[in-house]
There are 2 protein chains.
Amino acid sequence: MQISSRFTVALHIFSCVETFKNERKVTSDFLAGSINTNPVIIRKILGQLKSAGLIDVARGTGGITVTRPLEDITFLDVYRAIEPVEDGNLFRFHEAPNPNCPVGRNIHQLLDKKLAAIQTAMEEEMKKYTLDGLRSGMNELLEKGA
Amino acid sequence: MQISSRFTVALHIFSCVETFKNERKVTSDFLAGSINTNPVIIRKILGQLKSAGLIDVARGTGGITVTRPLEDITFLDVYRAIEPVEDGNLFRFHEAPNPNCPVGRNIHQLLDKKLAAIQTAMEEEMKKYTLDGLRSGMNELLEKGA
DNA sequence: CACCACTGTAACATGGATAGTTACATCAAG
DNA sequence: CTTGATGTAACTATCCATGTTACAGTGGTG
């Protein structure tokens with residue numbers, strides 16, 4: 001199971017907003033062109049980022065503004081905005097282990113902490129990367145003329 | 001996107017094998033009863049664990065043997081045996097960013113290392129848990145009389 | 001005001017994966 | 001050869017990701 005491409009698309013969007021904000025209005029159509037997908041896909045993702053309070057989207061006129069300083073938005077913020085994991089658990093559990101089996105009635109307690117620790121390790125690493133780092137990294141690549 | 005329940009089912013299987021190996025023959029039917037699913041589901045997962053070299057399954061007579069010392073099998077080994085992520089990447093990338101856009105042609109290079117680091121953080125944490133830890137944890141729970 | 005470019009969203013199609021189920025060939029031991 | 005087990009094919013149902021068309025709503029500008 002892979003994490004959906006919506007996450008990397010969202011990061012692509014933020015990168016475009018920063019790169020082009022002084023040159024042109026960044027619309028869902030323009031983003032769809034850079035990402036090579038459908039504008040509606042973009043709008044849905046923008047909706048998720050908006051619901052999470054990371055951006056504002058101007059109706060009518062179009063255009064995206066990031067609501068917080070870039071160094072205050074981490075990959076984890078974006079990930080949580082995008083991935084609608086209902087109960088917040090990365091790992092899915094088989095639903096109804098047999099309570100009459102000694103293993104069945106203890107397996108949850110046995111695994112829960114370990115699985116949570118694994119998920120936390122991933123999320124802590126995600127916190128290390130910010131949109132500001134993304135911006136400066138892209139700038140470096142562009143200055144190198146790529 | 002959640003990681004499929006096959007992973008926790010596999011851990012459940014190992015836990016059962018250790019708990020019951022001196023009491024009874026552990027068959028796919030018995031496991032299906034403890035996990036509360038269909039024996040064929042179990043057999044498919046056993047097939048994956050077998051392909052990965054973690055267990056042997058006796059045809060005809062039935063029964064499961066773990067091929068390595070329990071302390072040498074980590075959650076990561078089980079995870080990799082179970083999750084058929086073709087290219088090994090946890091994160092899925094949008095496939096065809098526009099090479100005519102400066103962001104589109106650099107986004108891969110910009111993100112790849114960071115995404116790999118996040119995945120590695122998760123996998124390193126997975127390495128910390130072994131089947132032997134699982135066994136002793138279950139023993140403790142059972143001795144406490146749960 | 002009317003236009004126009006843009007967003008928000010519904011509705012639908014499609015493909016792929018998960019999970020479940022039945023059925024049956026195959027195998028090994030007593 | 002009977003028995004109890006595995007291996008696997010075939011099929012189903014369901015869900016999710018992604019893509020697409022269509023259209024109503026919005027807001028600035030001529």
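The chains referred to below are lettered A, B, ... by the order of the sequence lines, with proteins before strands, and numbering in each begins at 1.
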Item to complete: Starting at atom CD1 of B/I3, determine the distance to atom P of D/dC15, rounded to an integer number of angstrom.
Response: 21 Å
Discussion item. Without decimals, in angstroms, what is the distance between A/D29 CG and C/dT7 P?
Written reply: 7 Å
Discussion item. Rounded to whole Å, how long is the line connecting atom CZ of B/F93 with atom P of D/dT18?
Written reply: 13 Å
Worksheet item: Taking the six-membered ring for Trp, are A/H108 and A/F93 parallel (under 30°), tilted (30 to 60°) or perpendicular (over 60°)?
Response: parallel
Practice prompt. Kindly indicate, with the supporting measurements, whether the criterion side-chain contact (heavy atoms from CB on, under 4.5 Å) is fulfilled by A/Q119 and A/E123.
Written response: CA-CA 6 Å; A/Q119 181 173 348; A/E123 295 183 349; 3.1 Å; yes
Worksheet item: Can you tell me if A/H12 and A/S34 form a side-chain donor-acceptor pair at under 3.5 Å?
Response: yes
Fill in: side-chain contact (heavy atoms from CB on, under 4.5 Å) assessment of B/N98 paired with A/I35
CA-CA 6 Å; B/N98 186 346; A/I35 290 161; over 6 Å; no
Worksheet item: Quick one: do the A/N139 and A/S136 side chains pair a donor with an acceptor below 3.5 Å?
Response: no
Worksheet item: In the 5'-to-3' direction, what one-character label does each nucleotide of nucleotides 20-30 of chain C receive under the scheme B = base within less than 4.0 Å of a protein heavy atom, S = sugar-phosphate only, - = no such atom?
Response: BBBB--BBS--
Discussion item. Between C1' on D/dT8 and CD1 on B/I42, what's the gap in Å once rounded to a whole number?
Written reply: 16 Å
Discussion item. Show, in sequence, the C-alpha distance, side-chain angles and deciding distance for B/R80 and B/E83, and conclude whether the salt bridge (Lys or Arg N to Asp or Glu O under 4.0 Å) test is met.
Written reply: CA-CA 5 Å; B/R80 288 205 171 129; B/E83 284 288 332; over 6 Å; no
Response to the item:
Between NZ of B/K25 and P of D/dT6 the distance, given in whole Å, is 8 Å
Worksheet item: Between D/dT18 and A/S5, is there an OP1 or OP2 to side-chain N/O distance shorter than 4.0 Å?
Response: yes
Fill in: d(CD1, A/I64; C1', C/dT7) in whole Å
10 Å
Worksheet item: Would you say B/T27 reaches D/dA5's phosphate, i.e. side-chain N/O to OP1/OP2 under 4.0 Å?
Response: no
Discussion item. Is it true that A/S4 and B/R92 share a donor-acceptor pair across their side chains at a distance under 3.5 Å?
Written reply: no
Item to complete: Rounded to the nearest angstrom, tell me the gap between atom CZ in B/F7 and atom P in C/dA19.
Response: 13 Å
Worksheet item: Is the distance from OP1 or OP2 of C/dT7 to the nearest side-chain N or O of A/K50 less than 4.0 Å?
Response: no
Response to the item:
By nearest-nucleotide position on DNA chain C, the 5'-leaning member of A/V26 and A/M1 is A/V26
Worksheet item: Rounded to the nearest Å, what distance is computed from the CZ atom of residue B/F91 to the P atom of nucleotide D/dA17?
Response: 15 Å
Worksheet item: Looking at B/R92, does any N or O in its side chain come under 4.0 Å of the phosphate oxygens OP1/OP2 on D/dA17?
Response: no
